[in-house]
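A, B, ... follow the sequence lines: proteins, then strands. Residue 1 opens every chain.
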Amino acid sequence: MPIDRRTVVHAADLARIALTDAEVERFTGQLSVVLDAVARLAEVDTSAIPPSASTLPLRNVERDDEPRPGLGAEEALANAPRGGRDGEFFRVQEVLQER
Amino acid sequence: MNALPASITEAAASLRRRETSAAELTEVALERAHRDRLNAWLLVADERARAQAKAADERLRRGDAPPLCGIPWACKDIIGTKGVETTAGSRILDGYVPPYSATVVERLDAAGAVMVGKTNLDEFAMGSSNENSAFGPVRNPWRADRVPGGSSGGSAVAVAAGHALFALGTDTGGSIRQPGALTGVVGMKPTYGRVSRYGVVAFASSLDQVGPFTRTVEDCAIVCQALFGKDPHDATTMPLPAEDLRRDLDRGVEGLRIGVPKEFFIEGMEPDVERAVRDALAELERQGAALVDISLPSTDHGLAVYYIIQPAEASSNLARYDGVRYGLRVEGRDLLETYRRTRGEGFGPEVKRRMILGTYALSAGYYDAYYVKAQKVRTLIKAEFDRAFERCDAIVTPTSPTVAFRIGQKVDDPLAMYLNDVFTLPGNIAGLPGISVPCGFSDGLPIGLQVMASSFQEATLFRVAAAYERATGFHEKRPEVAA
Amino acid sequence: MSLPYETVIGVETHVELATRSKMFCPCSATWFGAPANSLVCPVCLGLPGALPVPNRRAIELAMTAGLALHCEVPAHTKFDRKNYLYPDLPKGYQISQYDLPLNVSGWLALDTPDGPKRVRIRRAHLEEDTATSKHGEGYALIDFNRSGVPLLEIVSEPDLRSADEAVAYVQALREILVFAGVSEMRLEEGAGRFDVNVSIRFTEDGEVRWPPQSEIKNLNSYAAIREAVPHEAERLWRSWRDGGELRMRTGKITVGWSPERRETFLQRSKEEVEDYRYFPDPDLVSFTPSRETVERLRASLPELPGDRRARFARVYALSDYDARVLVADRALADYFEAAVKASTRDPKQIANWVTGEVRRRMKDAGDGAGVPFPPEQLAALVELVASGEVSGSAAKEVFGDMWTTRRPPSEIVRAKGLTQVSDEGAIAAAVDAVLAENAKAVADYRAGNARALGALVGQVRKRTGGKANLSVVNRVLAERIARGEATR
Ligand SMILES: [Zn+2]
């Protein structure tokens, strides 16, 4: 499956990354080469093979329902970007598609 | 004193003989880190290190100090450190100071080790040459026009050039073993699930594992001993009983079966690399190991599997860098544009490339063909390793097909760059432990030998690597730059 | 009112689970009313390197909900990442469950005007809640206290046919979840939210038409469901009739509901549908609920309201009304049953006290107050009335005293001298005296004025100081008057 400009632009939109035209151009070429190499996977017969999300022989890892104090608001907000804090809140521009 | 001792074990012995102090070792390390011309360091934590050294000396005086007490170490700057800026080699984390430390840092703090500072790396650990750092490339101490490998290039160099006695790196496809090989030090990736990932900036969660760079195999086992173990903060750590990882270091390889997979001796491997590895195999055989020809037929597909799973997981892991709670924010007209600009300007080209690749591989209509397919082939690769380990106790291969290449040589050819990891990434796909030890030189540049073992069989891996190391002097050679 | 179309409704209910800590981190889950960003940690703030660890209690509550809704527990389940960027979602993905939810294929019994009905439950899965936002002019303020609170999303099949039915469904669902201890589901605190899928079905030109649905997002009250559903159904119908967008549409759209303007508004059309790129969360391992866990949860599941109501009606011969009132409050129902167990009398008499005086006093006492005396005491009071030792009106006085003093009823009766006179001789004497003094009233009664008897009864009671057992008074009076008639 070759990758074209439109696909690169669409994926960048989904990933919320602004790309310059030059980047779109360059990535399209580079990713086509990578995807060509990746496409060879289609040759492998996996009809009877289950997928592995992990190699770990572990199941049912849980913790007790014990509340513990976390960070204070001050510590939580300390890393807010410039303009990203308003009192005890994080501040962002108006949320999309709201009313 | 103007140089650090040759190893952790030597330093630990000197400390206990009162020939040196943690404070003295720390001053040497700080001084070397500050004088560094290889761009290995992003931050030197003088005050923190001196405070830790002071505490370590008190502990040493009391006589109950663990082996790493007072030992200066270097931390890859993808591992979060409370109160110490953590960049992951990216502009997008601009100014971020973690309010908590990674579990591995806490464990080393508890062991009394002294963190000298934070080391350079490929942005978000994405790279095999350390040229993808937002803060400039790291240079190889053996030859300054060469890369040190990546992504943990700064950590490898800090140990190779004698700035620290050990370092932590992270290995997702070879990011510890490959730079270990290219800089002539020991680099080790533990079994997936051995070491907590909590507090380590996530790259590809099912592949990432923290591990050490050291001068010797024994040092490596000592650091692993401090790192290993279940962490209640990481649901993917194995609850295993504690074991002495050094127990088999001196046992030798007599009677062990060493698997030699034919798929790992490929065209495109540099002749010197192949020669050095063949010599190493002969050495192991001479010591009484039985060489077993094995086959791992799906090795060929490792790269493809890796370049689907890894960017897919990364595309999700890196979604949190949105300029809302921390790091860079580049404001646009509206929130959507702010997201796009923040991420467009905050991420470097390799990260963006992988974000796009990973997003694409997970997107509607492609998920089954790419992601699910890759996970199935992953099952296959793991099964082939499992079968191979029925016939052998360890597998020995080259770590990297080449020695250190020139800075700039592969930057515009992602696929060529990705091929650097072709021998290491199968270990990540299958979750297996692997270690790279120095096994010779090609035109003055180090070559690495990879030893892999079955899951959670690190003791066997150390046994083979230590036996080999004892018979050779490669690990004792130091680059001139460092002198 | 008959509509030219049938409304077809499915509901996705989001319920906050009654855990103490959050889904994947130990921060307190009691977020409502807490100072902004005070209940946060690296995990629920999505800081670099933070990792989720699942809350056992949340998983068990989710399974309990599934069992209460007759769901199947799959042999294997896992968490997935749902990827989308939004400022209230700190990691850029929500940990949720995609293809292997914790619960599948259940049902809930519903009483409708047309009789009982089963609403099928497609699935119920666990996920984490988002942060809350306050909106200003051109900006939003984010508070991560709610981020990571465990949510159960319960998805019904499109089995509901009216707004009333949809409301009845969510009320029944709430009742079950509250009863099973899964959630307190305080709607006023946003602990229950509903996405309602509405479509219309009708016959046109002899063909059944079922155009694509609208999903009304984030309704948070019964009133909103009651208003929004018919509004959207009617909007869809008009759109179809007038040749509007519904005729072109191929997929579902997402709308919001404005309670102020009382209308829906478009949030997202099919064309810009989100691609959530679900994949298994590599930070978490999979789950295989053990048979022991499932059976333990099943065993600890309380009898559900519907079952309990039916049993109350059957076993205690209560009216539907009484059963409903009792079962609506689990503590009340438990109290009732304990009192019945301690009594040999008709359970209906106990029920009268519990649904009447007990409930009234509890309401007066306010939230969280229980009955100040044990159920055995109530049984003892009922016994005093049934045996004729105290009158019904005196019993009310005794009850009031029990509530405040917690003394046993027999003691109160004794202390206050409320024992009723049931002695026939004493009552007969009083009756005879009254009959002799009230010849006119007797005559009136005989002439057919039934009310005259009431006056006579009152006189007898007055003579006995209000303590005469009324049933004895009535009987003796009737006997004497009848006898007088016969001897005349
Ligand atoms: Zn938290």
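Heavy atoms of B:Ile356 lying under 4.5 Å from chain A belong to its backbone as well as its side chain. For B:Tyr100, no part lies near chain A; criterion is any non-hydrogen pair under 4.5 Å. Of the atoms belonging to B:Pro232, not a single heavy atom falls under 4.5 Å from chain A. Looking at B:Ala235, the atoms closer than 4.5 Å to chain A (heavy atoms on both sides) sit in the backbone and in the side chain alike. Neither the backbone nor the side chain of B:Ala383 comes within contact range of chain A; no heavy atom of the residue lies under 4.5 Å from a heavy atom of that chain. Of the two parts of B:Ile429, only the backbone, made up of N, CA, C and O, holds a non-hydrogen atom closer than 4.5 Å to a non-hydrogen atom of chain A. Of the atoms belonging to B:Tyr418, it is side-chain heavy atoms, and not backbone ones, that fall under 4.5 Å from chain A. The contact between B:Ser363 and chain A is made entirely by side chain atoms (from C-beta outward), counting heavy-atom distances below 4.5 Å.
Summarising the geometry, atom CG belonging to A:Leu31 is positioned 11.0 Å from atom CG belonging to B:Leu415; distances are rounded to the nearest 0.5 Å. One finds the CD atom of A:Gln30 at 12.0 Å from the CG atom of A:Leu35 (value rounded to the nearest 0.5 Å).
The candidate from B:Pro99, B:Gly332, B:Ser455 with the greatest count of non-hydrogen atom pairs under 4.5 Å with chain A is B:Pro99. Comparing B:Val97, B:Asp94, B:Val372 by how many heavy-atom pairs each has under 4.5 Å with chain A, the most go to B:Val97. Taking B:Lys352, B:Lys376, B:Arg378, B:Arg343 one by one and counting their heavy-atom pairs under 4.5 Å with chain A, the maximum is reached by B:Lys376. Interface remark: of the candidates B:Leu362, B:Asp300, B:Ile309, B:Thr191, B:Asp300 forms the most heavy-atom pairs closer than 4.5 Å to chain A.
Close approach to chain B, defined as a heavy atom under 4.5 Å from one of its heavy atoms, is seen in A:Thr55, A:Leu56, A:Pro57, A:Leu58, A:Val61 of residues 55-63 of chain A, taken by number.
Side chains of B:Thr86 and B:Thr81: a donor on one and an acceptor on the other come within 3.5 Å. Between the side chains of B:Arg354 and B:Gln310, a donor-acceptor pair is found at a separation under 3.5 Å. Under the 3.5 Å distance criterion, with hydrogens and angles disregarded, a donor-acceptor pair is assigned to the side chains of B:Ser206 and B:Glu313. Counted by atom type alone, B:Thr237 and B:Asp231 present zero donor-acceptor pairs between their side chains at under 3.5 Å.
Using modelled atom types, no side-chain atom of B:Ser316 and backbone atom of B:Ala312 make a donor-acceptor pair closer than 3.5 Å.
B:Glu350 has a carboxylate O that lies under 4.0 Å from a charged side-chain N of B:Arg353, or vice versa, which qualifies the two as a salt bridge. Between A:Asp86 and A:Arg91 there is a salt bridge, with a side-chain nitrogen of the basic residue lying less than 4.0 Å from a carboxylate oxygen of the acidic one. Under the 4.0 Å criterion applied to side-chain N and carboxylate O atoms, B:Glu331 and B:Arg341 are not assigned as salt-bridge partners.
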